[in-house]
Amino acid sequence: MKNGSTLQLEIQKAPTSKIDSVDFDKLVFGNVFTDHMMVCDFKNGEWQKPKVMPYGPLELEPSARVFHYGQAVFEGMKAFKDDDDQVWLFRPEENFNRLNKSSKRLAIPEFPTSMFFEGLEALLNLDRDWIKKGFGNSLYIRPFVIATEAGVSASPSKEYKFLIICSPAQAYYSGDVRVVFAEQFSRAANGGVGYAKAAGNYGAQFYPTNLAKEEGYQQIIWTDANTHEFLEEAGTMNIFFRVGDKLLTAPISDRILDGVTRKSVIQLAEDNGINVEVRPVAVKEIVDAAKKGELKEIFGSGTAATINPVKGFGYKGEKFELEDQEDSYARLFKNKLMEIQYNKTEDKFGWRHLVKE
Ligand SMILES: *Cc1c(COP(=O)(O)O)cnc(C)c1O
């Protein structure tokens, strides 16, 4: 445990642990939470003393702003345990900076750096046993901020709650994924909140995604809202296309989330001599490439799945299947990322962050 914190973080330990009641071989993603959570309130114009306390329900006014106007943002990150029981985070400062970028867009006060890292590390140390060793095992970390001030006037809340909850995770396998390119619905528009991890972005995707599921697709690849001619991202993941031996992905914009996994893949590709083009990717060029047999892979990138290969896609009623590649880029990046995350290899980019005991 970390002592002598300058923050005087308040720590209230759970009287008993739930860990023995959890079957770590049968985890469903995001369903089980650890013994503790971090909580910090914003009131009177400042963030108060953060607390690490037993995980449990919150009590909120029914009129709290978050329920009415969706003033809420979140993050998703992971902790990994290596063979020597050391716990590592992957590029956590990226998540922290992005949380504040999202907050700013939603008129939520930014969260202080030291509170974030000291609180998170204290929480991870208390719940260390929940992080299991071995490739694929991790602890999914969900920081989030909600507007808690009572009252339904449509104005930014003056009170907020910042929380971090943690959920043990196994290797993410969602079965074969087939996607459909969006023709009608949009995820984000110019000048909107697409680049922020704003809660409302996700709620708005469920209905169109359900329609896609009825047609046999698991996910939608969102296209630009103006023309639906350019492929942007996959809802909870950024998206990559391999045409021949070239890797294509859309540039970051106010509609596209600046994924940590995405930027890591781009850097790994460059480091491995793979030609990456970060530019608008037209639906037409991908459909044409598929017809000519030049489209070798599509994969999504995001913290939960790391790299998620796509088996096929649909567009305007036509369906295309992708063959498994022996020299798969998806597998290459997944392995390279895992080797770094689990401390199996040198950390040449400085992406690993040790959680000090
Ligand atoms: C979180 C998220 C991603 C992936 O970001 P990572 O930092 O790689 O986890 C991509 N797109 C959207 C819309 C997201 O919410």
Side-chain angles (χ1 to χ4, degrees), residues 171-187 208-209 211-224 226-253 255-256 259 261-302 305-338:
Y172 192 94
Y173 183 67
S174 47
D176 285 350
V177 173
R178 290 183 175 79
V179 299
V180 61
F181 295 170
E183 289 173 58
Q184 183 197 352
F185 293 101
S186 300
R187 189 190 90 90
T209 305
L211 295 181
K213 283 183 180 158
E214 284 169 17
E215 301 199 349
Y217 300 104
Q218 284 70 44
Q219 284 184 38
I220 297 175
I221 304 296
W222 298 101
T223 48
D224 71 292
N226 286 343
T227 66
H228 295 292
E229 284 174 14
F230 294 94
L231 295 154
E232 299 209 315
E233 67 162 318
T236 59
M237 291 191 294
N238 296 107
I239 193 93
F240 288 84
F241 302 87
R242 174 184 177 187
V243 176
D245 287 333
K246 209 162 56 182
L247 201 55
L248 308 176
T249 196
I252 290 312
S253 70
R255 301 181 305 274
I256 298 185
T261 321
R262 173 189 176 278
K263 67 174 82 166
S264 306
V265 165
I266 293 171
Q267 208 165 332
L268 285 171
E270 285 165 353
D271 192 55
N272 284 275
I274 294 169
N275 185 359
V276 202
E277 290 182 10
V278 179
R279 58 160 174 82
V281 181
V283 172
K284 186 174 182 310
E285 77 176 291
I286 296 304
V287 172
D288 287 349
K291 286 182 176 161
K292 283 192 251 167
E294 288 168 4
L295 181 70
K296 291 194 183 169
E297 291 178 73
I298 302 178
F299 59 87
S301 72
T306 321
I307 303 290
N308 205 2
V310 171
K311 290 283 286 183
F313 72 92
Y315 180 62
K316 292 202 168 154
E318 260 190 289
K319 295 193 177 191
F320 301 86
E321 286 289 302
L322 295 169
E323 277 168 39
D324 193 49
Q325 299 294 319
E326 218 165 290
D327 68 336
S328 158
Y329 286 180
R331 266 197 303 273
L332 174 80
F333 295 130
K334 181 151 195 162
N335 290 337
K336 295 247 171 230
L337 284 168
M338 291 213 300

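Quantities reported herein were computed from a predicted structural model and do not represent experimental measurements. Every heavy atom of this structure was used, including side-chain atoms; hydrogens, water molecules and symmetry mates were not.
Annotation: side chain of I298 is in contact with side chain of I239 (closest heavy-atom distance under 4.5 Å). For the pair I266/R262, a side-chain contact is recorded, criterion being any heavy-atom separation below 4.5 Å from C-beta on.
Between E229 and K284 no salt bridge is recorded (no basic side-chain N to carboxylate O distance below 4.0 Å). With respect to K296 and D327, no salt bridge is recorded, no charged nitrogen being found less than 4.0 Å from a carboxylate O. Between E232 and R255 there is a salt bridge, since at least one side-chain N of the basic residue sits less than 4.0 Å from a carboxylate O of the acidic one.
A donor-acceptor contact shorter than 3.5 Å is absent between the side chain of K291 and the backbone of I286. When atom types are taken as modelled, the side chain of Y329 and the backbone of F299 share no donor-acceptor pair closer than 3.5 angstrom. The closest donor-acceptor contact from the side chain of R242 to the backbone of G244 lies under 3.5 Å. No donor-acceptor distance shorter than 3.5 angstrom exists from the side chain of Q219 to the backbone of V177, with no hydrogens or angles considered. At distances below 3.5 Å, at least one donor-acceptor pair connects side-chain atoms of N272 with backbone N or O atoms of L268. A distance-only check finds no donor-acceptor pair linking the side chain of E214 to the backbone of L211 [under 3.5 Å]. Here the side chain of R331 pairs a donor or acceptor atom with the backbone of Q325 at under 3.5 angstrom.
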For residues 306-315, which side-chain donor-acceptor pairs fall under 3.5 Å, sequence neighbours excluded?
none

In residues 316-324, what donor-acceptor pairs under 3.5 Å come from side-chain atoms, sequence neighbours left out?
from, atom 1, to, atom 2, distance (Å)
E321, OE1, R178, NE, 3.4
E321, OE1, R178, NH2, 2.9
E321, OE2, R178, NE, 2.7

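Atom NZ of K263 is surrounded by more than 12 heavy atoms from other residues, nucleotides or ligands within 6.0 Å.
Inspection of the S328 and E297 side chains reveals an N or O donor paired with an N or O acceptor under 3.5 Å.
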